[in-house]
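What follows is a single structure, written as structure tokens, with notes after it.
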Amino acid sequence: MKAVLTDERFSDPEWIFERKLDGIRCVAIRDGGATRMLSRNDLSLNGRYPLIADALDGQSRGRFAVDGEVVSASGKFQDHSGPFYFYVFDVQWLDGEDVRGLPLRERKALLRDALRWDDPLRLTEYRNEAGEAMFAEACSSGWEGVIAKRADSVYTDKRSRDWLKFKCEHGQEMVVGGFTPPKGSRVEFGALLVGVYEGSKLHYAGKVGTGFDRAELERLAGLMRPLERSDAPFYDAPRFRDVTWIEPSLVAQCGFAEWTNDGRLRHPRYLGLREDKDPLKVVREEAP
DNA sequence: TTCCGACAGTGGGGTCGCAAT
DNA sequence: ATTGCGACCCCACTATCGGAA
């Protein structure tokens with residue numbers, strides 16, 4: 001089951017709300033013997049998270065299939081040092097019985113009693129109705145967002161509007177300092193190379209390669225072509241092959257999930273050009 | 001008719017392992 | 001030993017098409 005990103009923010013007694021966890025999706029299946037931990041791509045995760053696999057194998061219940069997220073203790077996806085917890089939020093099978101057709105609240109009740117909830121296994125908390133309060137809390141806590149689930153929904157493997165994603169959004173202006181070439185059917189360019197000023201120096205903050213339609217690709221290419229120059233405007237850009245540098249005079253509004261530890265944008269996207277902004281005044285905006 | 005869901009194809013950061021240098 | 005690359009994990013978005021509404 002995958003959630004659909006939405007701009008809606010609502011509270012509703014027919015819905016339940018969970019913290020959006022920033023980790024690796026995992027379905028754990030046990031049919032009598034050892035538990036198999038499977039990634040979204042059906043690859044085994046047992047070797048990567050042996051303590052979680054051991055905890056699942058140590059359960060007295062011999063047959064179950066549960067769905068959850070493996071999260072590092074720091075709560076940060078980039079942190080791969082562990083320790084790791086398995087936050088379980090749904091159950092598909094229990095004692096050989098397919099429970100996917102039961103309403104979500106009933107599955108939640110079954111899940112609560114299905115396993116022994118000692119670390120590193122954790123039952124994912126959820127809240128009834130109060131989606132807006134949950135969302136505000138999530139963003140002020142530095143979480144990624146909230147997952148809203150229709151309380152009577154059945155479990156399906158398809159993406160469904162019964163699961164919605166409220167993401168805590170970040171966005172700011174970025175200076176455009178270059179672009180990469182297009183591939184395949186893409187026209188004009190692949191991604192913009194963007195940055196922000198640190199004092200008088202322009203810091204490289206990563207690439208933005210999505211958010212433009214064909215017309216916008218062509219419009220931006222036309223604006224960038226006269227600005228080409230031979231050297232990088234960034235003081236700290238990595239070495240690239242096949243990059244075209246430009247004078248840092250265009251400002252793009254960008255949305256992104258967060259800043260990475262290396263000062264790059266995570267999950268970046270282009271939102272539009274800011275004609276009114278002085279590039280020299282574009283700096284990193286700190287989280288409130 | 002319009003809208004929605006699913007798919008393919010483009011693009012990103014980060015990690016890991018393996019092959020080429 | 002270092003570098004490059006693909007295959008994974010996380011994703012956002014555009015374009016397209018067929019079926020549901």
Side-chain angles (χ1 to χ4, degrees), chain A residues 1-8 19-27 37-49 52 68-72 74-82 84 86-87 143-145 147 153 156-172 174 176-195 203-221 236-244 252-272:
Chain A
M1 195 109 111
K2 294 180 175 181
V4 175
L5 183 62
T6 180
D7 293 327
E8 300 172 76
R19 172 181 173 184
K20 184 181 185 318
L21 297 161
D22 192 11
I24 293 177
R25 187 68 172 275
C26 173
V27 172
M37 298 175 63
L38 298 179
S39 75
R40 192 121 67 175
N41 233 9
D42 281 340
L43 296 178
S44 174
L45 295 171
N46 290 62
R48 280 178 73 170
Y49 308 107
I52 294 173
E69 187 103 355
V70 176
V71 180
S72 82
S74 71
K76 286 279 145 201
F77 178 73
Q78 293 100 322
D79 179 3
H80 245 253
S81 59
F84 298 97
F86 185 27
Y87 281 85
W143 300 347
E144 236 189 88
I147 301 291
S153 60
T156 166
D157 286 324
K158 293 182 294 189
R159 194 177 287 275
S160 156
R161 294 198 74 84
D162 289 340
W163 283 24
L164 297 175
K165 207 181 332 184
F166 300 174
K167 285 198 73 173
C168 302
E169 297 284 10
H170 296 87
Q172 70 161 81
M174 309 289 304
V176 183
F179 57 90
T180 61
K183 290 179 187 166
S185 61
R186 187 64 172 262
V187 297
E188 300 294 356
F189 65 89
L192 304 175
L193 288 82
V194 300
H203 160 66
Y204 172 74
K207 301 182 211 171
V208 182
T210 191
F212 350 78
D213 57 19
R214 176 179 290 259
E216 191 66 7
L217 288 167
E218 289 166 354
R219 185 173 83 95
L220 285 174
D236 57 352
R239 266 178 298 177
F240 290 109
R241 295 183 328 185
D242 297 335
V243 160
T244 305
Q253 183 72 28
C254 297
F256 53 96
E258 62 184 352
W259 290 93
T260 69
N261 295 332
D262 296 339
R264 306 279 166 85
L265 304 179
R266 182 160 175 234
H267 306 160
R269 61 230 180 258
Y270 172 82
L271 298 174

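Chain naming here is simple, since letters A, B, ... match the order of the sequence lines and numbering starts at 1 in each.
- Distance from the side chain of A:Lys167 is smallest to C:dA12 among B:dG11, B:dG14, C:dA12.
- Note on A:Asn41: every side-chain N or O is 4.0 Å or more away from OP1 and OP2 of C:dA7.
- Taking every side-chain heavy atom of A:Ala191 into account, B:dG11 is the closest of C:dA15, C:dA12, B:dG11.
- Residue A:Arg219 places its CZ atom among more than 12 non-hydrogen atoms of other residues, nucleotides or ligands, all under 6.0 Å distant.
- Looking at heavy-atom distances under 4.0 Å, A:Gly206 makes contact with sugar-phosphate atoms alone, never a base.
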Go through A:Thr260 and A:Asp262 one step at a time and tell me if the side chain to side chain donor-acceptor pair (under 3.5 Å) criterion holds. CA-CA 5 Å; A:Thr260 69; A:Asp262 296 339; 5.1 Å; no
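- Going from atom CZ of A:Arg186 over to atom C1' of B:dG11 covers 6 Å, rounded to whole Å.
- Formation of a donor-acceptor pair under 3.5 Å by the A:Arg266 side chain with backbone atoms of A:Arg264 is not found in this model.
- Comparing B:dG12, B:dG14, C:dA12 by their closest approach to the side chain of A:Leu5 singles out C:dA12.
- Within 4.0 Å of A:Phe212, counting heavy atoms only, lie sugar-phosphate atoms of the nucleic acid but no base atom.
- The side chain of A:Tyr204 sits closest to B:dG13 out of B:dG13, C:dC13, B:dG11.
- For A:Thr210, taking side-chain heavy atoms from C-beta onward, the closest of the listed nucleotides C:dT14, C:dC13, C:dC8 is C:dC13.
- Between the side chain of A:Asp236 and the backbone N or O of A:Tyr204, at least one donor-acceptor pair lies under 3.5 Å.
- Remark: C1' of B:dG5 and CH2 of A:Trp163 are 17 Å apart, rounded to the nearest angstrom.
- One atom, CG of A:Leu217, and another, C1' of B:dG11, lie 10 Å apart when rounded to the nearest Å.
- Comparing A:Ala215 and A:Arg269 by the nucleotide of DNA chain C whose heavy atom lies nearest to each, the residue mapping closer to the 5' end is A:Arg269.
- Closest to the A:Ser185 side chain, of the nucleotides B:dG9, C:dC5, C:dC10, is B:dG9.
- Taking only side-chain atoms of A:Asp213, from C-beta outward, the nucleotide of B:dG13, B:dG11, C:dT14 with the closest atom is C:dT14.
- Whole-Å rounding puts the A:Ile147 CD1 to C:dC10 P distance at 13 Å.
- The nucleotide B:dC7 finds no pairing partner, because no Watson-Crick or G-U wobble arrangement with both distances shorter than 3.5 Å includes it.
- Counting to the nearest Å, the P atom of C:dC11 and the CZ atom of A:Arg40 are 5 Å from each other.
- Proximity of a side-chain donor or acceptor of A:His170 to a complementary backbone N or O of A:Ala257 within less than 3.5 Å is detected.
- The existence of a salt bridge linking A:Glu69 and A:Arg19 is excluded, since no basic side-chain nitrogen approaches an acidic carboxylate oxygen closer than 4.0 Å.
- Using a 4.0 Å cut-off, some side-chain N or O of A:Lys207 falls inside it from OP1 or OP2 of B:dG12.
- If you measure from atom CG of A:Asp262 to atom P of B:dG12, you get 17 Å, rounded to the nearest angstrom.
- Between A:Ser39 and A:Leu271, the residue whose closest nucleotide on DNA chain C is further toward the 5' end is A:Ser39.
- Rounded to whole Å, the distance from CD on A:Glu258 to C1' on B:dG14 is 12 Å.
- Taking atom CG on A:Asp162 and atom P on B:dG5, their separation rounds to 10 Å, with Å as the unit.
- Checked against B:dG11, B:dG14, C:dC9, the side chain of A:Thr260 finds its nearest nucleotide in B:dG14.
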